[in-house]
**Q** 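Please find one structure pasted underneath; my questions will follow.
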Amino acid sequence: MAFTIFSDSGCNLPEKYLKDLGIEVIPFSYTLDGQLIQCDKSPDHFDGHAFYEKMRNRAEVKTSLLSPGAFQQAFRPVLAAGSDILYIGLSSGISGTIHSAHLAAESLMEEFPGRVVAILDSLGAGMGEGLLACRASDLRSQGLTLAEALPILEDERDHLCEFFTVDDLMYLKSTGRVSGVTALVGTILQIKPLLRGDETGHIVVCGKSRGRKKAIADIIALYQKRVKNPETQRVFISHGDCPQDAEALADGIRKAAPPKELIVAMHEPLTGAHVGPGMLSVFFLGDSRQP
């Protein structure tokens, strides 16, 4: 039986992919200088330049997780219509949202006996979530049931590679990813960290580059070394208001190991608030998540 695919706005998928692949999105919210703002469902309608410019001017951004009630509100009409649900969400390593989804699923499956609400922790963020949601749609279109698709997606999650760099270490310092001394020294010496999503869904440092151009070159090298069957893949790039750097990364990826499809998008605000303007990332399926 067909199933309905949900993700959250952290999946960062352009509207075309949400529509063409039949992916439903539950939007996060955040506050910007005290004003509550609901995230757009896709980056197409997000004024990323204005958002990241405010961050450059030291605006205060606070983020929050999705509540069980938000999931119940989104899922209940779908279950009532007779469809099972697969939700692919933001990593449990950086958010409590997956826990909220599990609480909602348990309650709703009691309310709708015979219906299934499956929760897949992407162990990723941004377009890493989006990549898995797209793969879920591919499997559904091939006629696979939810029970058949889920173990395939769990295996692909374990091969999800997410590499990124940031322009200003002070944003990572504010979320405890690097120490204050490391951030200060890195800023002075123009050292750009290379980061990845690890096997438990946490953000970890996997290298350091001297300068922005070197960081982009190092990400391209990591992609070339780790990508698996690029000719069959969608590869995703997102950026925190640095479109020229994103195009440089995209050009390098096309030259190194051209994918079937390459999608570039502005990075959404919820996780963007934690990595800051100038963040540059790539998402693809590789040999494993291991370094």
Side-chain angles (χ1 to χ4, degrees), residues 5-14 17-18 21 23 25-26 28 39 42-43 63 65-66 86-102 118-139 149-166 172 175 177 193-206 219 222-223 226-228 233-240 249 259 262-275 279-291:
I5 301 166
F6 278 87
S7 189
D8 49 62
S9 57
C11 75
N12 210 61
L13 287 174
Y17 291 86
L18 297 177
L21 299 179
I23 299 167
V25 168
I26 306 172
F28 281 108
C39 294
S42 83
T63 61
L65 52 76
L66 288 169
L86 170 63
Y87 167 68
I88 301 173
L90 182 62
S91 170
S92 60
I94 58 176
S95 172
T97 292
I98 282 289
H99 179 63
S100 292
H102 277 293
I119 308 299
L120 179 65
D121 182 352
S122 72
L123 298 177
M127 296 180 104
E129 287 180 69
L131 188 155
L132 292 176
C134 289
R135 287 293 299 129
S137 178
D138 293 341
L139 296 173
L150 192 56
I152 296 172
L153 293 167
E154 289 172 338
D155 178 71
E156 292 189 346
R157 172 189 63 189
D158 295 336
H159 292 80
L160 176 62
C161 294
E162 305 172 303
F163 293 105
F164 67 101
T165 189
V166 296
L172 287 169
T175 58
R177 300 302 179 191
L194 299 178
L195 304 110
R196 69 180 182 94
D198 72 4
E199 306 79 59
T200 62
H202 293 83
I203 296 171
V204 295
V205 177
C206 62
I219 292 174
L222 284 166
Y223 165 79
R226 304 291 297 279
V227 70
K228 183 178 181 181
Q233 283 203 47
R234 300 179 188 93
V235 172
F236 297 86
I237 291 172
S238 66
H239 64 93
L249 177 57
L262 182 60
I263 300 97
V264 180
M266 183 75 74
H267 192 75
E268 52 81 29
L270 186 95
T271 54
H274 298 278
V275 291
M279 188 283 306
L280 184 63
S281 58
V282 64
F283 306 87
F284 61 93
L285 295 178
D287 43 12
S288 74
R289 281 180 177 259
Q290 300 285 341

**Q** What's the spacing between Leu13 CG and Ser137 OG if we round to 0.5 Å?
**A** 10.0 Å

**Q** List the residues meeting ring-ring contact (aromatic ring centres under 6.0 Å, His included) with Phe6, not counting sequence neighbours, and say none if there are none.
**A** Phe75

**Q** Are the side chains of Phe284 and Leu222 in contact, using a 4.5 Å heavy-atom criterion?
**A** no

**Q** Calculate, to the nearest 0.5 Å, the distance between atoms CD1 and CG belonging to Ile94 and Leu65 respectively.
**A** 12.0 Å

**Q** If you measure from OG on Ser95 to NE2 on His274, what distance do you get to the nearest 0.5 Å?
**A** 8.5 Å

**Q** Show the nearest heavy-atom pair for residues Ala265 and Pro43, with the distance to one decimal.
**A** CB-CG, 4.0 Å

**Q** Any side-chain donor-acceptor pair under 3.5 Å between Asp121 and Ser92?
**A** yes

**Q** Between Arg226 and Asp287, does any NZ, NE, NH1 or NH2 come within less than 4.0 Å of an OD or OE carboxylate oxygen?
**A** yes

**Q** Of the options Cys39, Ser238, Ser42, which is the one that meets Asn12 in a side chain to side chain contact (heavy atoms under 4.5 Å, CB included)?
**A** Ser238

**Q** Between Ser9 and Phe28, is there a donor-acceptor pair closer than 3.5 Å when you use the side chain of the first and the backbone of the second?
**A** yes

**Q** Using a 6.0 Å cut-off, check whether atom NE2 of His99 has over 12 heavy atoms from anything other than its own residue.
**A** no

**Q** Please report the shortest heavy-atom distance between Thr165 and Pro193, naming the atom on each side.
**A** OG1-O, 2.8 Å

**Q** Quick check: do Tyr17 and Ile23 have side-chain heavy atoms less than 4.5 Å from each other?
**A** no

**Q** So Leu123 and Glu199, do their side chains get closer than 4.5 Å, heavy atoms only?
**A** no

**Q** Check whether any side-chain heavy atom of His239 lies under 4.5 Å from a side-chain heavy atom of Met266, and answer yes or no.
**A** yes

**Q** Rounded to the nearest 0.5 Å, what separates atom CD1 in Ile98 from atom CG in Leu66?
**A** 10.0 Å

**Q** Any side-chain heavy atom of Arg234 within less than 4.5 Å of one from Asp138?
**A** yes

**Q** Give me the atom names and distance for the closest heavy-atom approach of Leu160 to Ser122.
**A** CD2-O, 4.1 Å

**Q** May I ask you to decide if Ile237's main-chain N or O and Ser281's side chain share a donor-acceptor pair within less than 3.5 Å?
**A** no

**Q** Looking at every non-hydrogen atom in both residues, tell me the closest pair between Asp8 and Gly89 and how far apart they are.
**A** OD2-CA, 3.5 Å

**Q** Determine the minimum heavy-atom distance between Arg196 and Cys206, stating which atoms define it.
**A** CD-CB, 4.0 Å

**Q** Is there a side-chain contact between Leu285 and Cys161 in this structure, where contact means two heavy atoms from C-beta onward sitting under 4.5 Å apart?
**A** no

**Q** Tabulate below the donor-acceptor pairs under 3.5 Å that side-chain atoms of residues 125-132 make, not counting sequence neighbours, or state none.
**A**
unit_1 : atom_1 : unit_2 : atom_2 : d
Glu129 : OE1    : Ser7   : OG     : 3.4
Glu129 : OE1    : Leu90  : N      : 3.2

**Q** For Leu270, does its backbone N or O pair with a side-chain atom of Glu268 as donor and acceptor, under 3.5 Å?
**A** yes

**Q** How long is the span from the CD atom in Glu156 to the NZ atom in Lys228, to the nearest 0.5 Å?
**A** 9.0 Å

**Q** As a test of understanding, state which of Leu280, Ile203, Leu194 forms a side chain to side chain contact (heavy atoms under 4.5 Å, CB included) with Phe164.
**A** Ile203

**Q** What's the separation between atom CG in Leu18 and atom CD1 in Ile5, rounded to the nearest 0.5 Å?
**A** 11.0 Å

